[in-house]
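Below is one structure, written out as structure tokens; comments come after it.
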Amino acid sequence: MTNIASRTERNAAVKYSPADIEAKWQGRWAADQLYKAEDSVPGKENWYALTMFPYPSGDVHIGHWFAYTPADAHARFMRMQGYNVMHPQGFDSFGLPAENAAISRNIDPREWTIANMDNMRRQFNLMGASYDWSRELATCLPDYYRWNQFFFLKFFEKDIAYRKNGAANWCPKDQTTLANEQVKDGACERCGTTVVRREMPQWFFRITDYADELLEMDSIDWPEKIKVMQRNWIGRSTGVTIGFDVSEYVEAGDADKIQTFTTRIDTVYGVTFVVLAPEHPLAETLTQPGQKAEVDAYIENARKQSEIERTSTEREKTGVHTGAFATNPLNGEKVPVLIGDYVLATYGTGAVMGVPAHDQRDFIFAKKFGLSIRVVVAPDGWSGEALAEAYIAPGTQVNSAEFDGLPSQEGMQKIADKIEANGWGSRTVTYHLRDWLISRQRYWGTPIPILYCDNCGTVPVPEQDLPVLLPENVEFTPTGQSPLTLDDDFVNTTCPNCDGAAKRETDTMDTFVDSSWYHLRFTSPGLMEEPFDSERVKQWVPVHQYMGGAEHAVMHLLYSRFFNKALRDIGFVEFDEPYARLFNQGTLTRDHMKISKRANPLNPEPIVERFGTDTLRCYLMFLGPWDQGGDWSDQAINGISRWLHRVWDLTLRDTTDPTQSDPKAERELERMSHVTTGRVVTDMKQFKFNTTIAALMEYTNDLSRIADSNGVSRETWTSAIERLLLHLAPLAPHIAEELWQQTGHRYSVHLQSTPDWDEAKATSDTETIVVQINGKVREQLQLPAGVSEDAALEAAMASEKVQRYTDGSEIIKKIFVPGRLMNIVVRPGR
RNA sequence: GGGGAAGUGGCGAAAUGGCAGACGCGCAUGCCUUAGGAGCAUGUGUCUUAACAGACGUGUGGGUUCGAAUCCCACCUUCCCCACCA
């Protein structure tokens with residue numbers, strides 16, 4: 001028998017020391033390419049586990065750990081569930097931070113980015129993630145971005161990409177245009193600077209052509225929250241476009257109607273004015289000589305204001321008369337035309353019919369400018385009095401000619417019918433979604449492969465000339481125009497059509513173009529002839545499980561869906577959606593505050609040094625449900641550290657005495673083992689890492705108790721420990737591998753399968769039946785499993801505690817829930 | 001203004017119609033130890049009680065049900081997204 005002293009000595013010698021084992025196994029796994037995914041493995045289904053790839057900012061911070069290590073645990077779990085798993089990683093490596101860092105340090109963004117990627121690859125390895133690094137990609141390399149250019153040319157050919165002059169969102173700090181999705185509360189999503197509008201020719205992708213299809217999300221298993229955000233962003237609304245005649249003010253042949261869009265055509269008889277956005281093309285045409293000075297000043301002023309100022313709801317409404325009048329086709333009335341900046345040029349038709357009685361904004365505007373207010377949809381019991389505010393709800397049509405007396409919902413249809421029958425307008429669908437503006441006036445991005453030739457106009461770069469390389473040694477300090485403009489060697493070229501002089505497009509692409517299809521490239525790393533191999537894409541995509549933050553709901557996730565559909569329509573892929581399932585992790589906070597480098601830094605490396613990677617991984621997963629984020633505590637990580645130490649000691653402890661095996665203990669351990677596996681498997685599938693770990697902690701506690709009591713055979717004990725290690729492997733891969741080896745198993749624990757689970761073995765021989773009297777718990781009985789109602793009732797009535805509440809009372813009702821409870825409803829006797 | 005998520009011990013949380021607080025942190029008491037950023041054991045929702053035991057308890061107020069943290073209605077609070085969207 002092992003005596004206490006020698007056991008202590010032995011344990012001391014093999015104390016759990018993460019630093020000693022983690023680097024060792026990381027090296028071994030890498031050397032063996034343990035996580036390299038084959039394109040297909042007989043008898044195994046493919047599982048593409050993808051996390052949103054990082055921007056190479058230079059450091060892998062704790063937020064990356066929170067996003068990536070649970071995702072890795074899930075991928076590892078799926079591998080042990082029998083799938084052929086691909087879990088790639090790469091770098092979203094074009095973009096502004098590199099350029100800004102390069103400017104402030106006076107170095108090349110390429111060097112900065114490459115150095116960061118090297119550093120981050122090393123730090124990623126500290127996480128012990130099961131990445132298949134053989135598939136690594138970086139979007140800033142010509143091997144990758146040439147395919148952005150390739151797709152751009154295909155899109156251009158099919159008119160999915162087009163160039164248009166117009167007002168664009170401009171960030172004065174970053175000195176570039178921004179897509180609508182990148183403007184938050186009127187400010188640049190990246191730097192927070194207030195965005196202004198600027199007229200310039202820009203390249204767009206026709207995402208609006210796909211608006212209706214993008215609304216269709218039944219086939220994808222995504223969080224409802226993201227679907228709702230996308231739906232709101234696309235912002236489909238149905239209504240009627242109707243023209244107000246202004247022909248007396250325009251030259252013959254020009255547009256002679258102000259087109260307005262409304263969702264409330266039932267109120268059209270209440271129109272008392274028409275308002276144009278300051279940017280509306282008719283604004284200047286319609287302005288009468290007497291109003292010119294005032295209108296010009298107003299438009300000029302509106303142009304100077306930022307979006308944030310213009311769209312503030314707090315702000316008082318402003319406007320100016322044009323002096324012109326427009327005719328309402330329904331009643332022939334002439335109503336004044338005004339210009340007001342509460343009308344947005346970018347939504348609907350850029351002009352609205354003013355119905356002050358039934359729209360609060362129009363109401364305020366009318367009050368201010370003394371315009372008349374006419375009720376045409378009457379609230380219940382309305383008897384002609386003036387309104388204190390706009391009446392928005394449905395009601396009964398009044399002052400609406402032949403439609404008087406109709407419920408307004410019905411009026412809406414009938415009026416629309418009349419308008420269409422007379423050719424005054426038509427039912428229309430409008431979207432909040434705008435086409436995707438992809439031009440950026442910055443250096444560190446994919447050059448747009450277009451030439452401008454004096455003779456031939458806009459000419460696409462021939463495919464065989466790709467890639468259009470991003471030149472080196474360019475002066476890229478932002479000046480408001482694209483840095484590439486300054487590089488004469490880059491700009492000046494010859495036209496492939498006429499051999500005449502041509503100039504290159506100098507804008508680069510939005511980096512969201514890069515991330516729109518990277519998941520396809522991971523299937524075909526290093527392929528030179530094509531962006532990806534169609535056969536391999538078919539094997540892996542749609543991505544089975546995509547994981548990442550919700551901040552990309554209406555940017556990356558929407559763009560990528562669009563890109564997929566566009567690729568489908570030009571014949572590159574066959575499926576409709578890029579990501580079949582999506583999981584959004586929440587945000588990690590510390591003391592309920594956002595973790596920032598300045599205020600409350602939390603660097604993973606010192607934590608790894610002190611506790612080990614496995615402890616940090618498990619702690620991040622133990623904080624709470626992954627989708628709800630988590631709050632970091634410096635203290636609580638000790639709990640995980642203690643647990644892993646206990647697992648270590650327990651596994652290596654010489655514990656069993658074969659002469660003392662007790663059948664009851666054997667059976668109980670078997671039951672606990674199967675219960676644990678059941679919990680782990682269901683919870684891991686659902687990303688419920690916190691309860692998975694709780695289940696394993698309970699199992700560890702149970703095993704400790706059994707070890708102390710020396711009650712099971714060596715075989716039973718060994719297989720219980722095996723089970724613990726197999727469940728631990730996805731969560732804490734290093735300690736699991738080390739203990740797997742030390743307990744005499746063959747490398748590698750990560751190539752094993754999830755242990756079997758038998759529900760029958762997980763059931764207990766006895767069960768606890770709770771006895772309630774009138775819904776209150778009064779007794780707990782240990783009864784044989786599967787006890788019948790009658791037997792349970794008999795046992796309950798035999799209990800003194802129960803009798804105390806039932807004696808002298810009339811039993812009205814009994815509810816028996818097998819395996820759970822017996823509720824006895826009594827009426828007290830008198 | 002519109003949409004969404006959430007509210008449970010001192011803290012992170014569990015339980016999604018059936019024993020509220022699993023698991024962990026923290027705290028308390030004890031043990032061990034040449035003492036550590038250790039380890040082990042026991043306890044730890046609130047109130048009443050010497051104790052046995054009992055009452056109360058999942059943001060607030062109602063409801064459905066034998067039974068509600070969980071379902072329904074109204075309200076309060078917090079967070080997130082969108083927003084002069086016609």
Side-chain angles (χ1 to χ4, degrees), chain A residues 15 184-186 223-233 235-237 239 260-264 267 275 277 310-315 317 340-344 346-355 358-362 364-365 392 430-432 550-551 553-554 586-587 591-592 610-611 618-619 622-625 627-643 645-646 649 679 688 690-701 704 708 768-780 801 812-817 819-826:
Chain A
K15 198 166 183 285
K184 302 273 175 227
D185 296 328
E224 198 50 38
K225 178 179 144 188
I226 302 290
K227 291 187 180 180
V228 167
M229 280 165 75
Q230 292 208 347
R231 255 179 234 125
N232 290 344
W233 185 260
R236 183 181 203 270
S237 63
T260 64
F261 173 76
T262 180
T263 55
R264 289 294 304 278
T267 66
V275 192
R310 278 202 42 191
T311 58
S312 164
T313 43
E314 312 292 302
R315 186 162 161 266
K317 301 226 170 337
D341 66 5
Y342 80 96
V343 175
L344 305 176
T346 51
Y347 185 75
T349 59
V352 299
M353 57 180 221
V355 187
H358 306 294
D359 181 283
Q360 188 60 21
R361 293 155 302 182
D362 295 348
I364 293 166
F365 194 73
I392 320 262
T430 304
Y431 302 90
H432 169 247
E551 67 274 14
V554 295
T587 1
D591 304 322
H592 301 281
R610 187 170 149 201
F611 293 102
C618 289
Y619 179 58
F622 187 63
L623 284 174
D627 55 349
Q628 284 169 39
D631 194 50
W632 176 277
S633 143
D634 291 330
Q635 302 253 34
I637 192 171
N638 287 319
I640 296 289
S641 181
R642 279 175 205 148
W643 171 54
H645 274 96
R646 282 207 308 277
D649 292 342
R679 288 170 69 183
K688 287 162 80 175
N690 55 331
T691 49
T692 300
I693 291 173
L696 290 176
M697 285 174 166
E698 282 183 61
Y699 191 50
T700 310
N701 295 343
S704 295
D708 291 340
T768 309
I769 300 289
V770 169
V771 184
Q772 297 180 337
I773 311 295
N774 292 347
K776 286 194 190 298
V777 178
R778 298 299 179 187
E779 175 67 300
Q780 293 173 26
K801 282 183 187 167
I812 303 169
K813 199 171 178 182
K814 294 162 296 220
I815 294 107
F816 179 66
V817 182
R820 287 192 185 272
L821 62 73
M822 166 69 74
N823 188 10
I824 301 170
V825 184
V826 300

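Chain A is the first sequence line, chain B the second, and so forth, proteins listed ahead of strands; every chain is numbered from 1.
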ask   = Touch check for A/V355, heavy atoms < 4.0 angstrom, all strands: base, sugar-phosphate only, or nothing?
value = nothing
message = Starting the side chain at C-beta, find the nucleotide from B/rG37, B/rA22, B/rC66 nearest to A/R610.
response = B/rG37
key: Phosphate OP1/OP2 of B/rC11: any A/H592 side-chain N/O under 4.0 Å   = no
Sugar-phosphate only, base, or nothing, as touched by A/W233 at under 4.0 Å among non-hydrogen atoms = sugar-phosphate
query = Toward the 5' end of RNA chain B, which comes first, A/M353 or A/V817, by nearest nucleotide?
reply = A/V817
task = Classify the side chain of A/N823 and the base of B/rC66 as holding, or not holding, a donor-acceptor pair under 3.5 Å.
result = yes
request  = Could you check whether A/A636 gets within reach of a base, just the sugar-phosphate, or nothing at all, counting any heavy atom under 4.0 Å?
outcome  = sugar-phosphate
key: Separation of the P atoms in B/rG57 and B/rU70, to the nearest angstrom   = 13 Å
message = Applying a 4.0 Å non-hydrogen cut-off, can you work out what A/K227 is touching in the nucleic acid: base, sugar-phosphate, or nothing?
response = nothing
query = When you measure from the side chain of A/T262, which nucleotide among B/rG26, B/rC23, B/rA86 comes out closest?
reply = B/rA86
inquiry  = What's the closest nucleotide to the side chain of A/V777 if the choices are B/rC82, B/rC19, B/rC23?
reply    = B/rC19
query = So does A/K317 reach the base of B/rC84 with its side chain, donor to acceptor, closer than 3.5 Å?
reply = yes
message = Can you tell me which nucleotide in B/rC85, B/rC25, B/rA14 comes closest to the side chain of A/P625?
response = B/rA14
task = Indicate whether OP1 or OP2 belonging to B/rG39 is found under 4.0 Å from a side-chain N or O atom of A/H645.
result = no
ask   = Which nucleotide in the list B/rG24, B/rC19, B/rC25 gets nearest to the side chain of A/V770?
value = B/rC19
key: Watson-Crick or G-U counterpart of B/rA5, or none if no pair lies under 3.5 Å   = B/rU78
inquiry  = Given B/rC85, B/rA13, B/rA22, identify the nucleotide with an atom nearest to the side chain of A/E698.
reply    = B/rA22
ask   = Does the side chain of A/N701 get closer than 4.0 angstrom to OP1 or OP2 of B/rG24 through an N or O atom?
value = yes
message = Checking contacts here: which listed nucleotide (B/rA14, B/rA86, B/rC82) is nearest the side-chain heavy atoms of A/T691?
response = B/rA14
task = Please work out whether the ring planes of A/Y342 and A/F365 are parallel, tilted or perpendicular, with thresholds of 30° and 60°.
result = tilted
Under 3.5 Å on both distances, the Watson-Crick or G-U partner of B/rA14 = none
key: Chi class for B/rG9: syn within 90° of 0, otherwise anti   = syn
message = It should be established whether A/K225 places a side-chain nitrogen or oxygen under 4.0 Å from OP1 or OP2 of nucleotide B/rG3.
response = no
ask   = Does the side chain of A/R642 get closer than 4.0 angstrom to OP1 or OP2 of B/rG39 through an N or O atom?
value = yes
ask   = What about A/Q780: does its side chain form a donor-acceptor pair under 3.5 Å with the base of B/rC19?
value = yes
inquiry  = Quick check on RNA chain B: between A/V825 and A/A695, whose nearest nucleotide comes earlier from the 5' end?
reply    = A/A695
inquiry  = OP1 or OP2 of B/rC56 versus the side-chain N and O atoms of A/K776: is any pair under 4.0 Å?
reply    = yes
query = Among B/rA15, B/rC23, B/rG26, which is the nearest nucleotide to the side chain of A/N638?
reply = B/rG26
ask   = Does the base of B/rG1 carry an N or O that pairs as donor and acceptor with the side chain of A/Q360 under 3.5 Å?
value = no
Separation between the P atoms of B/rC19 and B/rG67, rounded to whole Å = 15 Å
key: Rounded C1' spacing from B/rG9 to B/rC56 in Å   = 14 Å
message = Quick check for you: among B/rC25, B/rC19, B/rG3, whose closest atom lies nearest to any side-chain atom of A/Q772?
response = B/rC19
inquiry  = Please classify the nucleic acid contact of A/T768 as base, sugar-phosphate, or nothing, using heavy-atom distances under 4.0 Å.
reply    = base
ask   = For B/rU33, which nucleotide is its Watson-Crick or G-U wobble mate, given both distances must be under 3.5 Å?
value = none
ask   = How would you label the contact of A/R820 with the nucleic acid (heavy atoms, under 4.0 Å): base, sugar-phosphate, or nothing?
value = sugar-phosphate
Residue A/Q635, side-chain atoms from C-beta onward, closest of B/rA86, B/rG18, B/rC25 = B/rC25
ask   = Across all strands, who's sitting opposite B/rA38 as a Watson-Crick or G-U wobble pair, both distances under 3.5 Å?
value = none
ask   = What is the base-pairing partner of B/rG61, counting Watson-Crick and G-U wobble geometry with both distances under 3.5 Å?
value = B/rC73
key: Counterpart base for B/rG26, defined by Watson-Crick or G-U wobble contacts under 3.5 Å   = B/rU44
request  = Could you work out the separation of B/rA20 and B/rG45 based on their C1' atoms and round it to a whole Å?
outcome  = 10 Å
request  = Specify the separation, in whole Å, of atom CG of A/D359 and atom C1' of B/rA83.
outcome  = 14 Å
request  = For A/R646, answer base if it contacts any base atom (sugar-phosphate contacts may also be present), sugar-phosphate if it contacts only those atoms, and nothing otherwise; contact means non-hydrogen atoms under 4.0 Å.
outcome  = sugar-phosphate
message = Regarding A/L821, tell me which of base, sugar-phosphate or nothing describes its non-hydrogen contacts under 4.0 Å with the strands shown.
response = base
inquiry  = Side-chain N or O of A/R679 versus OP1/OP2 of B/rA14: is the shortest distance under 4.0 Å?
reply    = no
